[in-house]
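Since the structure comes first, as structure tokens, the remarks are kept for the end.
First listed ligand is number 1; within each ligand, the first listed atom is number 1.
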Amino acid sequence: MSVILGINTFHAGAAAAILVDGQAVAAIAEERLNRIKYYAGFPKLSILRCLEIAGVSFSDIDFVAVGRDSSANLHKKLQFALRNPSRLLNLARIRSKSKAFDDLTSLIASECDIDPAKLKFEAFNVEHHLAHTASAYFASPWDRSAGITIDGSGDFVSCMMSECSGSEIKPLKRVFVPHSLGTLYTAVCQFIGYPKYGDEGKVMGLAPLGRDTYADFFEDILRPSKDGFELNSDYFLPFGANQGVEITDAGEMIVHRLYSDKFINELGASRESCAEITQRDMDIAFGLQRVFEKYYIRLLNDLHNIVPTTRVSMAGGCALNSVANGKALYETPFRETCIQPAAGDDGLALGAALYVGNVLLKEGKRWMMKDAYLGDAYSDAVIKAELERYNIAYRELSREELIDVTTDEIKNGSVVGWFQGRMEWGPRALGNRSILAHPGFPNMKDILNARIKHRESFRPFAPSVLLERQSEIFEQDHPSPFMLHVYKIRPEWRERLSAVSHVDDTGRLQTVARDENPLYYDLISKFDEKTGLPVVLNTSFNENEPIVCKPSEAIECFTRTKMDVLAIGSFFCKKNP
Ligand SMILES: [Fe+2]
């Protein structure tokens, strides 16, 4: 038996994943356990939990893989430093910080309070973008595909194209920082009042409300180059090897201002986070998303020229841009995408482990991701004890009864907390830590926002649809099990699915297959039987916090908010029955 622990640490999305004999048996982001969104410290709690789920101890770990390699792309770092001597100090600071990785045994022993003598593993550093690529390709069922990773930056790279074949990933092209589609997206988010790490998805949702006003502005920022694209540095504060990012002592990510005064000179003052969103801000979001998609598609077309296949493995924070992913399937020659749910930096933990197992050790034990449920689960006994501890009235139901009463509630307009099975890996709730509601109930978006989510009114809610019914409702038929593609909803369904139709008649769907999540599938089937809609509205189970992990967090969210029903394990709880 071989045990590989993968970690992403001291970087946003700290996480751990564990492979036993090549198979991923657990993967958890630290934010779910320590409740600090995008936590960027050491993933102590997720390491402990992954080991527990796998039933192994620290002394059983054979290999540790870290999705970061400070020695990668050194020639580019040196070239940059020689051209920008004032940034040398910053590079030296980053280098000295990365010293912690030179002795992973001491790091893990001290962070996890373990006797170092018990740790006998061999450690590997995997370049950031190789780990991203591995997280997608080695989760796919394929033995060959093109690979592309696009993000802000990692190990001095913001985009990598590769050929994935058998147990090899061969990098073919890299785009080096400061040129970065992720940096551009984040800078514009900051300018229009979304300064927090991870706010990019909100701006993607805002974009369809805008008009095509700023095409020239964005054409001047982003230009084609022989590597794919380059940023016009006039629009950005000087790049200095991560100078724009800071990790607080509490492990929170702070992204400092990235854009230069040229933005203000051309567009006027930036928007304060609390200020009203104006048409200008929507137009800027529109221009950003459009130019992003243009280069995203261009990169994919370039990739296809060098790796001519119809399959592409994709990762990196930009691969969470579900609108661009939807378009990629019909605006490029690629016909199948494999994007695992933790496409952002949390996925580096899984990717680094998969890279070590497949590429470095050549274990020859391919794994295929069947579903996203790699996290914590809780027994009915634990859940029942928690409900009693919180003094919550409940009814214990059979599986069929639970499905029946829950679908009745959704049909009648109730907002349902749905807590079942193992927690999802990645940023999306996929039917195990979800809030469910009727997808076509009048004003359901406003009800959810007023009662629980408190989100901007423009942000759409997502539909979970039975896989077999997808093409009846959506114009595209490529499955999206991890909610990573946006497709047009067919005209005849738009009104019936008003709560999950965005302003541009699209939906960021989750396709649900029975073998991936039988309980959730049967729930949606029953809802279809009662309403003629093979769809439920699915939003994450949380209220301005990381998605709930433990029963106590679900119960507290249920009692704190105006949620009507909590269906947790076999237990059904309803307020004011
Ligand atoms: Fe990344």
Notebook entry, point to check: Looking at D151, which of its N, O or S atoms is the nearest one to the Fe ion (ligand 1)?
Noted result: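 Of all N, O or S atoms belonging to D151, OD2 is the one nearest the Fe ion (ligand 1).
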
Margin query: Please name the atom of H128, limited to N, O or S, that comes nearest to the Fe ion (ligand 1).
Written below: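 Considering only N, O and S atoms, H128 comes nearest to the Fe ion (ligand 1) through NE2.
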
Notebook entry, point to check: Centre of Y194's six-membered ring, under 6.0 Å away, within 45 degrees of the axis: is that where NZ or CZ of K202 sits?
Noted result: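 No, cation not above the ring by the 6.0 Å, 45° rule.
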
Check: Does R366 make a cation-pi contact with Y137 (under 6.0 Å, within 45 degrees of the axis)?
Finding: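 Ring-cation test returns yes.
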
Item checked: Angle in degrees, rounded to 10°, that NE2 of H132 and OD1 of D345 form at the Fe ion (ligand 1) ->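 For OD1 of D345 and NE2 of H132, the angle centred on the Fe ion (ligand 1) reads 80°.
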
Check: Does D21 reach the main-chain N or O of S2 with its side chain, forming a donor-acceptor pair under 3.5 Å?
Finding: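 A pair under 3.5 Å: yes.
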
Item checked: Ion pair check, R290 and E293, cut-off under 4.0 Å ->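 Looking at R290 and E293, the cut-off is not met.
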
